[in-house]
Protein chains: 2
Amino acid sequence: MRHDSRLSRMLHVLIHMDRHEGAATSETIAAMLNTNPVVVRRTMAGLRQKGYVSSEKGHGGGWRLGRPLSEMTLLDIYEAVGEPAVFAVGPACDQPACLVEQAVNAALSEAFEEAEKLLLSRFGKVTLADIARDFDARMARHPALVAHAGAGWHA
Amino acid sequence: MRHDSRLSRMLHVLIHMDRHEGAATSETIAAMLNTNPVVVRRTMAGLRQKGYVSSEKGHGGGWRLGRPLSEMTLLDIYEAVGEPAVFAVGPACDQPACLVEQAVNAALSEAFEEAEKLLLSRFGKVTLADIARDFDARMARHPALVAHAGAGWHA
DNA sequence: AGTCTTGAAACAACATAAGTTACATGATGG
DNA sequence: CCATCATGTAACTTATGTTGTTTCAAGACT
């Protein structure tokens, strides 16, 4: 399966929005992400429901941040995009009758759950403000690089 | 994406093979896994290449263990099935020009790599003999349960 | 020779994320 | 109010990768 990029995309958008004057339309965001406005609306809907962004219709409408980046963690956004399955590897059967398979599933589950716990725990400790700070540092090192130029996005 | 079940299936098969007299044919194994003999051959090919199993053609042929379960770890089998991608979540772009996206990817990669490291490290510490022991314990607790009966498999 | 079995290529089926089309709804501004 | 802009949402299509299937070649045993 091709992997799920919703989390990555939403982080990307949210940080840009933080540096963006006024509302950003789905179309503008879609251009930045190299995707479609409908995909943007679909994915952002989850963030809106949790209050991380708000949307407005009509002239001057679009998307705005619902709270500062310092109050959003990777875990928050991961949950807002629907908590997609973390792992691409898993058991062949969820409720096997075979005791061997049960033992195999138990061994794998234990390892996967431990790894997922670590991952989400780490997600919970990183705020989007942390990532924005890292962006600033990269910006300072590479002042010539400008992304999404002409699309209405700084940097 | 539907997740990859090759690791799980191979662990299941290997433990059964350990308790199985003689060689097991692809067809027998396929029946046990509720799949197709060709899928079995395809997946087992990776294990054969690493020496974890051997195969023989003709009458009385089939698959045999190439070494004791105590000398195979989950990591070994994971590698033998081709080290499939562990995570179903990932970046939207691998080499982004945008510095924001680079910062996002860096934050995510760090977390994912740490989790993968933990997972594989744990895989490396669990042998198939450990799982077989757990199976024996489950067997002792549920003596009535019999799996794959009639397909030539014990238990 | 005939049967059993693996080896491997080629193709079909299936699931899911992502992309697209189409239209309804609501807000702004003349 | 009416045209325009923007989101909201359903339905459909596309793309990708795992899994399943068909088919045939080749080796091994009786």
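It should be emphasised that the depicted structure is a prediction, and the values quoted were computed from it without experimental measurement. Every chain is numbered from 1, with letters handed out A, B, ... down the list of sequences.
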Under the salt bridge (Lys or Arg N to Asp or Glu O under 4.0 Å) test, residues paired with [X] that sit two or more places apart:
| X | result |
| --- | --- |
| A/Arg122 | B/Glu110, B/Glu114 |
| A/Asp134 | A/Arg138 |
| A/Glu27 | none |
| B/Arg42 | none |

OP1 or OP2 of [N] sitting under 4.0 Å from any side-chain N/O of [X]?
| X | N | result |
| --- | --- | --- |
| B/Thr35 | D/dT19 | no |
| A/Thr25 | D/dC5 | no |
| A/Ser26 | D/dT7 | yes |
| B/Arg9 | D/dG20 | yes |
| A/Ser5 | C/dA18 | yes |

Show each protein N/O and nucleotides 27-30 of chain D N/O combination with a separation under 3.5 Å, one pair to a line.
unit_1: D/dG27; atom_1: O4'; unit_2: B/Lys57; atom_2: NZ; d: 3.2
unit_1: D/dG27; atom_1: N2; unit_2: B/Gly58; atom_2: N; d: 3.0

Among the candidates C/dT6, D/dG8, D/dT18, find the nucleotide nearest to the side-chain atoms of B/Asp4.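 My answer, after comparing the listed nucleotides, is D/dT18.
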Can you see which heavy atom on B/Ala92 is nearest to which on B/Glu101, and at what distance?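 Nearest pair, atom of B/Ala92 first, then B/Glu101: CB-OE2, 4.0 Å.
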Quick test of your reading: applying side chain to side chain donor-acceptor pair (under 3.5 Å), list the pairs with at least one residue in residues 80-97 of chain B, sequence neighbours left out, ordered by first then second residue.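 Side chain to side chain donor-acceptor pair (under 3.5 Å) check on residues 80-97 of chain B returns no pairs.
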Listed partners of A/Asp136 passing side chain to side chain contact (heavy atoms under 4.5 Å, CB included), at least two apart: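 A/Arg19.
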Determine whether A/His16 and A/His12 satisfy the following criterion, side chain to side chain contact (heavy atoms under 4.5 Å, CB included), listing intermediate values before the conclusion. CA-CA 6 Å; A/His16 274 298; A/His12 185 184; 3.0 Å; yes
Rounded to the Å, how far apart are [X] [atom1] and [N] [atom2]?
| X | N | atom1 | atom2 | value |
| --- | --- | --- | --- | --- |
| B/Arg64 | C/dT5 | CZ | P | 12 Å |
| B/Leu33 | D/dT19 | CG | C1' | 13 Å |
| B/Asn36 | D/dT23 | CG | C1' | 12 Å |
| A/Glu27 | C/dG19 | CD | P | 15 Å |
| A/His3 | D/dA15 | NE2 | P | 18 Å |
| B/Arg6 | D/dG20 | CZ | P | 11 Å |
| A/Ile29 | D/dA6 | CD1 | P | 12 Å |

Which angle, to the nearest 10 degrees, lies between the helix axes at the two ends of the helix from C/dA1-D/dT30 to C/dG30-D/dC1, each defined by five pairs?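 Nearest ten degrees gives 10° for this helix.
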Members besides A/Leu118 in its Ile/Leu/Val/Met/Phe/Trp/Tyr cluster (side-chain heavy atoms under 4.5 Å):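 In the cluster with A/Leu118 are B/Leu118.
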For residues A/Thr28 and A/Thr25, is any side-chain donor paired with an opposing acceptor at under 3.5 Å?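 A pair is found: one side chain offers a donor N or O, the other an acceptor, under 3.5 Å apart.
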Quick one: salt bridge (charged side-chain N to carboxylate O under 4.0 Å, His left out) pairs with a partner in residues 55-80 of chain B, sequence neighbours left out?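 Residue pairs passing salt bridge (charged side-chain N to carboxylate O under 4.0 Å, His left out), neighbours aside: none found.
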Measure all distances between protein nitrogen or oxygen atoms and nitrogen or oxygen atoms of nucleotides 8-10 of chain C, and list the pairs falling under 3.5 Å.
unit_1: C/dA10; atom_1: N6; unit_2: B/Arg42; atom_2: NH2; d: 3.4

Return the set of residues passing ring pair (Phe, Tyr, Trp, His ring centres under 6.0 Å) with A/Phe112 (not counting sequence neighbours), or none when no residue passes.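 Partners of A/Phe112 by the ring pair (Phe, Tyr, Trp, His ring centres under 6.0 Å) criterion, ordered by chain and then number, come out as A/Phe87, B/Phe123.
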